[in-house]
Number of protein chains: 2
Amino acid sequence: MYPSIIVTVDVVLMTLCLDVLCVALIRRPNAPFAGELALPGGYVHAQEDGNAEDAAYRILREKMGIRPPYLEQLATFSGNRRDPRGWSASIAYFALVSPTTEATWQPVSKLQKLAFDHAAIIQAAVDRLRSKSAYSVLPAYLLPETFTLAELQKIYEQVLGSPLDKSSFRRKIKELDLLDQVAGSFQVGNQRPAQIYRLKKMMTFDRTLSQSAPRKAGRSGQ
Amino acid sequence: MYPSIIVTVDVVLMTLCLDVLCVALIRRPNAPFAGELALPGGYVHAQEDGNAEDAAYRILREKMGIRPPYLEQLATFSGNRRDPRGWSASIAYFALVSPTTEATWQPVSKLQKLAFDHAAIIQAAVDRLRSKSAYSVLPAYLLPETFTLAELQKIYEQVLGSPLDKSSFRRKIKELDLLDQVAGSFQVGNQRPAQIYRLKKMMTFDRTLSQSAPRKAGRSGQ
DNA sequence: CAGGCATATTTGCTAAATGCAACTAACCAG
DNA sequence: CTGGTTAGTTGCATTTAGCAAATATGCCTG
């Protein structure tokens, strides 16, 4: 009835490798852009995915073997130029994971040519991460589940790109009150042990960006 | 090749009516949800729209007869539940216009039942407007092209939902440096005239949320 | 076991930003 | 000229952020 539009979901999966912000990329096996690096992504499976977020989780599971502790919708990139097959829309998500995850990581600072407009999508994700870092504990998702305040500060400095004052940082983090102390300490080497923290459990009150029915075989027609 | 997905663009067009934040709604002539109120929206026209933003502007032109001074992508709402016809994705935008625009306006505070998940989309737009108002001059787009600082402050209070201090507000606005004075004054009644301001001209450096070719008849295949 | 070294964590002070209230300015009505 | 009303500014108290030094706590060495 209407000209077909290609709808995909792409995920900017970020972590830290050696203190550098990196993004997971996959070499495309098929056309278009066969052989080039691209974000993990795929078509929406209308039968399988209740909504786009489900699709993002499925794609990360299938292509990366993980379920990230943080995932949010970034934006939708659309147009008649980004995919040679025609008019397309990519619902882009960005996800943060701890550095342990196995994957092909590339530093976000020096990216070669990427398929589609994926370089622009990554740039938008980095911008979003940076701006949200100014008033949230998002960067904590880039660390292992437990961490010290010194480690956390280092990540913030890495993400924000500028050094932070130690006492101000700790004041701010503590007044945000989003971390829990963990009984037990941790020593990096031959010095005073540092208190260990973890993110507080909290509900991610997503104001329903998507509405999905419990996944079932049959749907109400089309 | 892949199950068809319904792709639409919906716009939350907001303004102020008698100092109250309102949204433009249209009564749907056709199924689904015939006769119910809904956001202005429509299908993407792959031949006509270079990208989703183009579609949003086209829809506002066709259905509202306007071109808003401010438009930004909000989020994409998707899933198998929001449209009875099947799996759908709505790329939602939000736009701000001055109060002179003719339309069917409804206060955002008391909305009756709306079609699809449009109530949730409006809620997300209001939240976004509120949060951006804390550090930008977005609310100025809700006013006529020229305005006084007192009028602007009133709008901010309306949008943010709390009263603001006069001197702090003026300090903040002036240091943001996004307004230009307009030579000439304006008196509301029998009191001291107020200085008139307008938004500075500035480029909206959209980091390419969409890539579109110059609109032409033929495209590069499908 | 004392002293040195390295990092963690706190404390004290200064400077900047914000909030509050009073004050002055400009206009109109009478 | 006086009073009323809104515009716009100024002065200070309070809060917040930035910076530097001091203190705390471990390990290591001798």
Side-chain angles (χ1 to χ4, degrees), chain A residues 18-19 130-137 139-140 143-200, chain B residues 16 18-19 130-137 139-140 143-199:
Chain A
L18 289 328
D19 292 339
R130 269 198 235 285
S131 77
K132 281 210 166 185
S133 296
Y135 57 91
S136 75
V137 289
L143 290 173
E145 199 185 326
T146 61
F147 46 84
T148 67
L149 289 186
E151 290 166 346
L152 187 61
Q153 181 176 347
K154 209 163 154 195
I155 302 310
Y156 269 84
E157 292 173 339
Q158 187 57 228
V159 170
L160 296 174
S162 61
L164 301 173
D165 174 67
K166 189 163 45 166
S167 63
S168 303
F169 179 77
R170 299 170 88 96
R171 245 188 325 225
K172 209 68 182 149
I173 290 290
K174 283 183 179 172
E175 94 187 9
L176 282 179
D177 194 35
L178 296 172
L179 301 186
D180 275 333
Q181 286 195 346
V182 178
S185 297
F186 169 64
Q187 81 267 359
V188 182
N190 315 335
Q191 65 280 3
R192 174 175 174 175
Q195 176 61 242
I196 294 209
Y197 293 84
R198 70 155 47 98
L199 277 171
K200 274 190 174 161
Chain B
L16 286 166
L18 289 326
D19 291 341
R130 267 196 235 286
S131 76
K132 281 209 167 186
S133 297
Y135 57 91
S136 75
V137 289
L143 291 173
E145 198 184 328
T146 60
F147 47 83
T148 68
L149 289 186
E151 291 166 346
L152 187 62
Q153 179 176 349
K154 210 163 154 195
I155 302 310
Y156 269 83
E157 291 172 339
Q158 188 55 229
V159 169
L160 295 174
S162 59
L164 300 173
D165 174 66
K166 184 165 49 162
S167 64
S168 303
F169 178 76
R170 299 169 90 95
R171 247 189 323 225
K172 209 67 183 150
I173 291 289
K174 284 184 178 170
E175 92 186 12
L176 282 179
D177 193 37
L178 296 171
L179 300 186
D180 275 332
Q181 286 194 348
V182 178
S185 294
F186 170 64
Q187 80 267 358
V188 183
N190 314 339
Q191 65 280 4
R192 173 175 176 175
Q195 176 61 243
I196 294 209
Y197 294 84
R198 71 156 47 97
L199 276 171

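Proteins get letters first, then strands, A, B, ... in listed order; numbering begins at 1 in each. If you're wondering where the values come from, they're calculated on a predicted model, not measured in any experiment.
- Heavy atoms only, all atoms of each residue included: B/Leu164 and B/Glu157 are closest at N-OE2, 2.9 Å.
- Counting non-hydrogen atoms of other residues, nucleotides and ligands closer than 6.0 Å to CD of A/Gln191 gives a total above 12.
- Take A/Gln181 and apply the side-chain contact (heavy atoms from CB on, under 4.5 Å) test, not counting sequence neighbours, and it matches A/Gln195, A/Tyr197.
- Of all heavy-atom pairs spanning A/Phe169 and A/Leu149, the tightest one is CE2-O, 3.8 Å.
- The CG atom of B/Leu160 lies 10.0 Å from the OG atom of B/Ser131; values are rounded to the nearest 0.5 Å.
- For the pair B/Ile173 CD1 and D/dA7 C1', the interatomic distance rounds to 16 Å; values are reported in whole Å.
- Of all heavy-atom pairs spanning B/Gln158 and B/Arg130, the tightest one is O-NH1, 4.4 Å.
- A straight line from CG of B/Leu149 to P of D/dT6 spans 17 Å, rounded to a whole angstrom.
- Considering only residues two or more places apart in sequence or on other chains, B/Phe147 meets the ring pair (Phe, Tyr, Trp, His ring centres under 6.0 Å) condition with none of them.
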Dump the pairs, protein N or O against N or O of nucleotides 14-16 of chain D, anything under 3.5 Å, distances to one decimal.
none

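- Protein atom CZ of B/Arg171 is 11 Å distant from nucleotide atom C1' of D/dG11, rounded to whole Å.
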Fill in the blank from the handout: Contact string for nucleotides 20-30 of chain D, one letter per nucleotide 5' to 3', B = base within protein heavy-atom range under 4.0 Å, S = sugar-phosphate only, - = neither, reads B---BBBSS--
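- Taking the 5' to 3' direction, DNA chain C first and last meets chain A under 4.0 angstrom from a heavy atom at C/dA6 to C/dT11.
- With sequence neighbours excluded, the residues satisfying side-chain contact (heavy atoms from CB on, under 4.5 Å) with A/Asp180 are A/Arg198, A/Lys200.
- For the residue pair B/Ser133 and B/Tyr156, the shortest heavy atom distance occurs at O-CE2, 3.3 Å.
- Between A/Tyr135 atom OH and D/dA17 atom P the separation is 16 Å, expressed in whole Å.
- Across all their heavy atoms, B/Pro139 and B/Ser136 have their closest contact at CD-O, 4.1 Å.
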